[in-house]
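What follows is a single structure, written as structure tokens, with notes after it.
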Protein chains: 2
Amino acid sequence: MNIKKFSEVTNLTTYTIRYYEKMGLLKNISRNNSGHRWFTEKDIVWIAFIKRLKDTGMPLEEILQYAELREQGNSTSEQRMQMLQEHALKLEENITEQQLNLEKLQQKITYYSEVIKLQ
Amino acid sequence: MNIKKFSEVTNLTTYTIRYYEKMGLLKNISRNNSGHRWFTEKDIVWIAFIKRLKDTGMPLEEILQYAELREQGNSTSEQRMQMLQEHALKLEENITEQQLNLEKLQQKITYYSEVIKLQ
DNA sequence: ACTTGACTTAGAGTTAACTCTAAGTTGTAG
DNA sequence: CTACAACTTAGAGTTAACTCTAAGTCAAGT
């Protein structure tokens, strides 16, 4: 598919897609015979994974490191696994923290509803 | 306490504290007789709340709106409660999403450990 | 009196992650 | 064969949230 279609499928703007390619997150994107990018299923899967890492708070620079290890093939599996393990641990901690934050907010909301009742 | 001490207590740099004041998040900070800011317990509590909103993904602009309602006194309690309710809802959704993300990452880690075992 | 160090201000600089512009090329429809 | 839309590139501009600089004031210690 062309970049327009890919941008619809991935929900990224064409700007962002080219930016990701320029910074090295997307490699070996094939081109059709008029020099335009041609994206495939594999690219969709890879972008989905990038988005998951990003949405869970991994900075693009770190995702780039992962991408570069991936580029080097199977010999880097262990390093990549380790990156994911560390990230998953941070994520777990973050979820716990957010659950506490949510509780505190709900307490404050309850407090507000008491105050409003008395007005 | 002076800004140095306040920065230690709140874990914000003095730059950030002045920035928050300049943008309107901190109002009516008192001054000592040489014109230096003088922070109190109330300011610590308020900063802690700002940080909670920020850490749960609320942009400073929105926190500023909240701060301005707060400034206007009790008549805005209902609006503030509504802001918090909407925010808490988003946070709840986000936590659910992150839990799914964590599961997916853990699946990937499991997959990696299988691959590595076979190498 | 003078140095030192913490404070003050306005405003400039930085960083991450986009987002856009300008100038040019290519493929298809009329 | 010409208009037009979609693509290409390099590089500039934007936004949020800081982060720092420069130039100055002030209080305490020697």
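Order of the sequence lines fixes the chain letters, A, B, ..., with proteins taken first and strands second; residue numbering starts at 1 for each chain.
For A/I63 and C/dA16, the CD1 to P distance is 13 Å, given to the nearest whole Å. Distance CG (B/L12) to C1' (D/dC20): 17 Å, rounded to an integer number of Å. Atom CD in B/E62 sits about 11 Å away from atom P in D/dA17, given to the nearest Å. C/dT19 atom C1' lies 16 Å from atom CG of A/N11, rounded to whole Å. When the P atom of D/dT8 is taken as reference, atom CD1 of A/I29 falls 11 Å away, rounded to whole Å.
The line from CD1 of B/I17 to CZ of B/R37 is 9.0 Å long, rounded to the nearest 0.5 Å. Here CZ of B/F39 is found 8.0 Å from CZ of B/R31. Values are rounded to the nearest 0.5 Å.
Linking Ile, Leu, Val, Met, Phe, Trp and Tyr residues whenever their side-chain heavy atoms come within less than 4.5 Å leaves B/I63 and B/Y15 in two separate clusters.
Remark: side-chain polar atoms of A/T14 are not paired, donor with acceptor, to backbone N or O of A/K4 under 3.5 angstrom.
Annotation: cation-pi pair A/K104/B/F49 absent, no NZ/CZ under 6.0 Å from the ring centroid and within 45° of its normal.
Under a 4.0 Å N-O distance rule, the pair B/E21/B/K27 does not qualify as a salt bridge.
The side chain of A/P59 approaches C/dA17 more closely than any other nucleotide in the set C/dA17, D/dA17, C/dC18.
Look at B/Y15 and you won't find any side-chain N or O under 4.0 angstrom from OP1 or OP2 of D/dA17. OP1 and OP2 of D/dA16 both lie 4.0 Å or more from every side-chain N or O belonging to B/Y19.
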Contact pattern, 5' to 3', of nucleotides 7-15 of chain C - B, S or - by protein heavy atom under 4.0 Å: SBBBB----
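The nearest heavy atom of DNA chain D to B/N33 and to B/K54 marks one nucleotide each, and the one closer to the 5' end goes with B/K54.
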